[in-house]
Number of protein chains: 2
Amino acid sequence: MTKSTTSAWREARRQSARESIVDAAWDLAREEGLLMWSLRDLATRAGITTPTVYAYFDSKHAIYDAMFGQAATDFAEYMARPYDVEGSREQLFVYVRRFFDFCTSDVERYQLLFQRTIPGFTPTPEAYAPSVRALRTLGQVLAENGISEEGHLDLATALIGGLVSQQISNDPGGVRWMRLVDEAMEMYLAHCQTSEAGHSPTSRSGRTTGARG
Amino acid sequence: MTKSTTSAWREARRQSARESIVDAAWDLAREEGLLMWSLRDLATRAGITTPTVYAYFDSKHAIYDAMFGQAATDFAEYMARPYDVEGSREQLFVYVRRFFDFCTSDVERYQLLFQRTIPGFTPTPEAYAPSVRALRTLGQVLAENGISEEGHLDLATALIGGLVSQQISNDPGGVRWMRLVDEAMEMYLAHCQTSEAGHSPTSRSGRTTGARG
DNA sequence: GTCTATAGCTGGATAGAC
DNA sequence: GTCTATCCAGCTATAGAC
């Protein structure tokens, strides 16, 4: 028992040290870009030396993976917060606004999570899982708005992703595309709900597979 | 006279050598990614040595600039080809399809031209100019469809860019988002033309034919 | 202009003492 | 686990002979 608590304590210390290294990595990534920091920089920033970093991570890619996992968890939590609105339509709007805000509020996090910007790096399935789960919610919210065709889901990701991308690339920190989010979703809903009218009533029973024509 | 022709000849030879270096750079960029090739690789591929590269370009960034300039010129020419369709509406569709095809047919070219993926690199104004000119055409084509609000232009760039980006990231070489392009533009036109009906002096009908004159 | 040779630096990762 | 010291590979860029 004493043994197990000691071991748990050590494990907690270890996790804490890992997290402080990952935090330092995020600081550097935000200052100099996701790719432009070195393990030397990182060690200095974290107040340790390079070999010590290797006591906690096997490689630089392992650090990216930890960063990805942290970002994915943040994303899942951010999107899963309670929706204090009534109606599936308003819920969709809140979902999209949230997604937009999450992405634009931290460009490097967005790049690591949703762009494929680090050469040779692919997140492990464990790190990737929360992100997949959170993205699946979009399909559910759309389904509750009577939208279940695969093509319309793809259209939504393109539209929302396009708004985010333009905002980040061409007006970082501004609102030029942010203020178009609601209008874009109204446009989208008007189109898809007209197009899919009659195929599925409102919620619950929507068909989600095979609809392709 | 002999002197001037000789000098022009030499200049042509020099330009030719520059182009073959840039071509080799594109080959490598497409094989290993925009960032993952070195001047050594490039020299080997071009059949010369590293110092010889420096006889034609001052730095690696100068090579990126030449690549950017070439891509921008290709883009301008690709988009400026004659539009063998009648009506401003069809013209817009052709424009967008062309843009989509140009971007998705060469991912590295797209990344260099429209993403900001090379650290520390900004294209010179001369290299950038053709791209700006070609992009301005979108505004004109939209205006001929009765769409002139700034926000609606931004909405178009977000929508089109989003489709391109999703296609490249999530279904490279496929058609999953390509086949949504026309539908997306119909959705867009239905929204914007309704929204701007009456505001715009150029067009007030939803479906214009031959407004270009 | 083209080469050989190399400077000068930075990167990720390791050995081994403590 | 943490350090000092270092390895080794890669990079851009340059010097200087021809």
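Quick note on labels: first sequence line is chain A, next is B, and so on, each numbered from 1.
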Give a yes/no answer on whether the side chain of B:R13 brings an N or O atom under 4.0 Å of OP1 or OP2 in C:dG1.
no
Mind listing the N/O atom pairs, protein and nucleotides 14-16 of chain D, below 3.5 Å?
none

If the condition is salt bridge (charged side-chain N to carboxylate O under 4.0 Å, His left out), which residues does [X] pass it with, not counting sequence neighbours?
X      : answer
B:R97  : B:D182
A:R176 : B:D154
B:E31  : B:R45

Numerically ordered, the residues 61-71 of chain A set in heavy-atom contact under 4.0 Å with DNA chain D is none
DNA chain D contacts made by residues 21-36 of chain A, counting heavy atoms under 4.0 Å:
none
Once side chain to side chain contact (heavy atoms under 4.5 Å, CB included) is applied, do any residues pair with A:P119, and if so which ones, sequence neighbours excluded?
A:L35, B:M36
Contacts of type side chain to side chain contact (heavy atoms under 4.5 Å, CB included), residue A:V96, not counting sequence neighbours:
A:L92, A:I160, A:V181, A:M185
For nucleotides 8-10 of chain C, print each protein N/O atom paired with a nucleotide N/O atom at under 3.5 Å, atom names and distance only.
none

Restricting to side chain to side chain donor-acceptor pair (under 3.5 Å), what partner residues turn up for A:T52, sequence neighbours left out?
A:T49
Taking CD1 from A:I48 and C1' from C:dA13, how many angstroms apart are they, rounded to a whole number?
15 Å
Check for a donor-acceptor pair, side chain of A:Y83 on one end and backbone N or O of A:S88 on the other, with a separation under 3.5 Å.
no
Between B:S165 and B:G161, is there a donor-acceptor pair closer than 3.5 Å when you use the side chain of the first and the backbone of the second?
no
Pairwise side-chain hydrogen bond (donor to acceptor under 3.5 Å, both in side chains) hits with a residue in residues 114-143 of chain B, at least two apart:
B:D65-B:T124
Return the nearest nucleotide to the side chain of B:T52; candidates are D:dT12, D:dT2, C:dT2.
C:dT2
Please tell me which of the listed nucleotides, C:dT2, D:dT2, C:dA13, lies nearest to the side chain of A:S59?
C:dA13
For a quick test of your reading: what N or O donor-acceptor pairs under 3.5 Å do the side chains of residues 12-27 of chain A make, sequence neighbours left out?
residue	atom	partner	partner atom	Å
A:R14	NH1	A:A55	O	3.4
A:R14	NH2	A:A55	O	3.0
A:R18	NH1	A:Y56	O	2.8
A:S20	OG	A:A17	O	2.9
A:W26	NE1	A:Q70	OE1	3.0

